[in-house]
Protein chains: 2
Amino acid sequence: MADASDVEGGRRTTPASLYGLTPRLMAALAEALAADRDSHVRAFVRPLHPADLADLIERLDEDDRQRLVRAIRDVFDPECLPWLEDSVREDVMDQLGMERVAEAVAELETDDAVEVLESLDALEQREVLRHIPAADRAVLEQGLTYPEDSAGRLMQRELVAVPPHWTVGQTIDFLRSAADLPDHFFDVFVIDPRHKAVGVVPVSRILRTKRPVRITDIMDRQFRRIPATADQEEVGRLFKQYGLASAPVVDDDNRLVGVITVDDAVHVLEEEAEEDLMSLGRVGGTNVNASVMDTARTRIRWLLVTLVNTLIASTVISQFEATIERIVALAVLMPIVAAMGGNAGMQVVTVVVRALATRDLAPDNVRRVVLKELGVGVLNGVVFASILGTVAGLWFADVRIGLVLAAAMVFNMVWAGLAGAMIPILIQRMKIDPAVGAGPFLTTTTDVLGFFSFLGLATLFLI
Amino acid sequence: MADASDVEGGRRTTPASLYGLTPRLMAALAEALAADRDSHVRAFVRPLHPADLADLIERLDEDDRQRLVRAIRDVFDPECLPWLEDSVREDVMDQLGMERVAEAVAELETDDAVEVLESLDALEQREVLRHIPAADRAVLEQGLTYPEDSAGRLMQRELVAVPPHWTVGQTIDFLRSAADLPDHFFDVFVIDPRHKAVGVVPVSRILRTKRPVRITDIMDRQFRRIPATADQEEVGRLFKQYGLASAPVVDDDNRLVGVITVDDAVHVLEEEAEEDLMSLGRVGGTNVNASVMDTARTRIRWLLVTLVNTLIASTVISQFEATIERIVALAVLMPIVAAMGGNAGMQVVTVVVRALATRDLAPDNVRRVVLKELGVGVLNGVVFASILGTVAGLWFADVRIGLVLAAAMVFNMVWAGLAGAMIPILIQRMKIDPAVGAGPFLTTTTDVLGFFSFLGLATLFLI
């Protein structure tokens, strides 16, 4: 375990030095923590980017984590808090104490501050907000009134807005003298007297335009306004679709209330992709750093679904006990039909769930996609019926067993194609997340139909 | 199918009007295409963002696609090409003809031009390059020398670089007068006389600084330089980790050769997440718009792996035919052990594969994660052994059947935890993509062990 490239091989061509958190640093830090050398620990941590510090805190076990936070308590970088996973963040904030957390929150930009506040319970939220100056507090409290996972929660209030009649020169002079601006910004927003968003100018365009030119003459009038109540998933998709760097957030009256920057959109996109991946893998929202008990609890919930699934399948099999007793070869072959159907169906579910999430599947191509998957199912069925029919016929030296297996295979593969495409679409119409619901539902049907068709045909034709 | 919200319900809270491609527009366009009204078609297409135009082209079936491209041939927006999926892009370029493609490529920024060129075969590449002015051609040819999926392919050559001794005023004057700058940029790079990257200044900081200040006094000296040979996955991860808007790309001598912007990084991140999702779903790189034959071909390749998997499992079962013949209840219950083990193991594989991809799993926490999954496996085993042992005992009115099922369940769940964590890690050390290899390998072991342990224990204790 000497080097990152051991575990991280396979895909890596870049030196670990691109990242702040090197294996060497981790080793040195572990030593300093074990020896309780707080000043060494602080020296290692100080140059780290907040995102790296967050990774470091997440990777340590509980004891080392507590030791680390104790050592860096007084120099703790508040910017690190928003990068932490929820469960780890709670631990760290408990250890820091609500007063210290309040100081940290006050230093953050509003989007980060709201994210940190979100993960506290109501009592702690009030406690932290109590320690924050009234003006900042009002802004944060308002941020918390937007629905969870909405654009309003994601946006920051700090932004640059100018009236359309200003010149580039006036704008630059204002930017040079104004104190309360965000650290970085990519666009300057243009607002009318009622604070409605009427235009956007990319910062680089301002830099490239001569001072006397009016903002109204260089602003984009066609731009995407994000409603504050929009779902964050929608926000991520908009940024991706149109390659945005930042976008204005507006209230119901089209008044500019905040800005979302691309780094937030990147995190949302990652979060959503991860959510779909985890749902299709039937895992729920756990991560590698969660505790054994937390992990087992969410995993068991998902496995209970599989349990019900397999018990239903077993009930189907039990209807054919007499048949199996007479031809034991059926018991040997029956898992094949179910497994092939289940896998073929999950292929379709995976593609369709992803296409629904990215909106590649829209009303106008639903019919075409379903028909296509039906076609693929027929092809799959023919191919695997031929292979498996031959294998089974030769294995048990009985053509009829081969024919029964082949027929069941065609039937199940066609169903897998059709159901794999239809189930996610229907489930989404019922307002259920297809990534969560489609898999278990599909495999129950492919198991039941797989066992039923194979054992049923066998009972009809072999007995 | 009247409204997008039908199919896209469930997760949607935002009006479709945020996007250029509305169901109404699609319907009107379909009508115009059917009636061969080319001028109408052009009028619908003209206001579309290139990304929306690309989506539109992808969603049409082959006939309508050809009709559309023919109609908009003379006003075709070259910016649309890089947004198209490879297979669709090839169709469109074939129809446009290489001369028209060359004109389009010449208008694109280098990163987009290289992406379009990549998807052509060597002969077509030469043909297109032949139509491009010599200076541009040299840049593109050089771009193509970088390895596929590297930072060098992803970067654009158009960038803003200034010497450190310039003042902010000089920089602004240069930006106002220079002709050959990128449309948008987020950072100004600072280079020494040998063209080495020595600093970065965000554009907003230049805007906020007074004219006499020297660039060297406001530039960041600590910044991430991306080697041109770095894997694009690494690039995506860097942008996400450090919330970058753009980053300089350097050659082996640390000379600035290009810039990568966050919109490119977003696409890479999406591509990589999708790749993992598709691999874990055993689908391969197909999408909803691929043809039946192409789709069936990649799907069948993956299903062949499942086939081998289930045939191995069947061979195991066939060793116990005599046992099953005497106690048919075993045939009813045996799929349960395999399914529960396979699902529990895939939960672990999904989490571990994702953690390897995001680098949340690093050498320093591998041991902890494997031990944790082992613990979860033991817990899962105890829980489901109790449930299923009781169910089976009552169902077949035989305590011993319940006990055998329970014992097999514990055994298989513990294995699922251990193997689910170890297999992806070991596979990655062998330089195989764990998202591709881990799933099939794991389920083969859980199937084999599931059937073997259950039927083996039954043979020992029930016969």
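Lettering follows sequence order; numbering is per chain, from 1.
- Ranked by heavy-atom pairs under 4.5 Å with chain A, the first of Leu333(B), Asp52(B), Ile172(B) is Asp52(B).
- If you tally non-hydrogen atom pairs under 4.5 Å between each of Met340(B), His267(B), Glu58(B) and chain A, the highest count goes to Met340(B).
- Under 4.0 Å is where a charged nitrogen must lie from a carboxylate oxygen, and between Glu373(B) and Arg299(A) at least one such pair does.
- For Arg205(B), the part lying under 4.5 angstrom from a heavy atom of chain A is the side chain only.
- With chain B as the partner, the residue from Ala344(A), Ser314(A), Gly281(A), Ala339(A) showing the most heavy-atom pairs under 4.5 Å is Ser314(A).
- Side-chain contact check for Trp302(B) versus Met278(B): every heavy-atom pair is 4.5 Å or farther apart.
- Using a 4.5 Å cut-off between heavy atoms, Pro147(A) makes no contact with chain B at all.
- With a threshold of 4.5 angstrom between heavy atoms, Val391(A) approaches chain B through side-chain atoms but not through N, CA, C or O.
- Here Val292(A) is the residue among Thr171(A), Val292(A), Asp263(A) with the most heavy-atom pairs under 4.5 Å with chain B.
- Interface remark: Leu388(A) contributes side-chain atoms only to the contact with chain B (heavy atom separation under 4.5 Å).
- Only the side chain of Phe451(A) comes within less than 4.5 Å of a heavy atom of chain B; its backbone N, CA, C and O stay farther away.
- Most heavy-atom pairs under 4.5 Å with chain B, from the set Leu303(A), Ile317(A), Ile336(A), Leu379(A): that is Leu303(A).
- Highest contact tally toward chain B, considering only Arg282(A), Met293(A), Met346(A), is held by Arg282(A) [criterion: heavy-atom pairs under 4.5 Å].
- Only the side chain of Val262(B) comes within contact range of chain A, judged by heavy atoms closer than 4.5 Å.
- When the candidates Thr209(A), Asp55(A), Asp360(A) are compared by the number of heavy-atom contacts under 4.5 Å with chain B, Thr209(A) comes out ahead.
- With a 4.5 Å cut-off on non-hydrogen atoms, Val188(B) does not touch chain A at all.
- Partners of Arg208(A) under the side chain to side chain contact (heavy atoms under 4.5 Å, CB included) rule, at least two apart in sequence or in another chain, are Leu175(B), Leu181(B), Phe185(B).
- Asp264(A) does not touch chain B: none of its heavy atoms, backbone or side chain, sits under 4.5 Å away.
- Of the atoms belonging to Gln222(A), not a single heavy atom falls under 4.5 Å from chain B.
- Only the side chain of Arg368(A) comes within contact range of chain B, with heavy atoms under 4.5 Å apart.
- With a 4.5 angstrom heavy-atom cutoff, Leu330(A) does not touch chain B via any of its atoms.
- Neither the backbone nor the side chain of Ala151(B) comes within contact range of chain A; no heavy atom of the residue lies under 4.5 Å from a heavy atom of that chain.
- If you measure heavy-atom distances from Met430(B) to chain A, you find no contacts under 4.5 Å at all.
- A 4.5 Å side-chain heavy-atom check between Val369(A) and Lys372(A) finds every atom pair outside the cut-off.
- Of the atoms belonging to Ser150(B), not a single heavy atom falls under 4.5 Å from chain A.
- Contact of Phe239(A) with chain B is not made at all, since no heavy-atom distance falls under 4.5 Å.
- The side chain to side chain contact (heavy atoms under 4.5 Å, CB included) test applied to Leu277(A) returns Leu277(B), Leu280(B), Thr350(B), Arg354(B), not counting sequence neighbours.
- Neither side chain, Asn309(B) nor Thr306(B), offers a donor N or O lying under 3.5 Å from an acceptor on the other.
- There is no contact between Asp447(B) and chain A, counting heavy-atom distances below 4.5 Å.
- Only the side chain of Val383(B) comes within less than 4.5 Å of a heavy atom of chain A; its backbone N, CA, C and O stay farther away.
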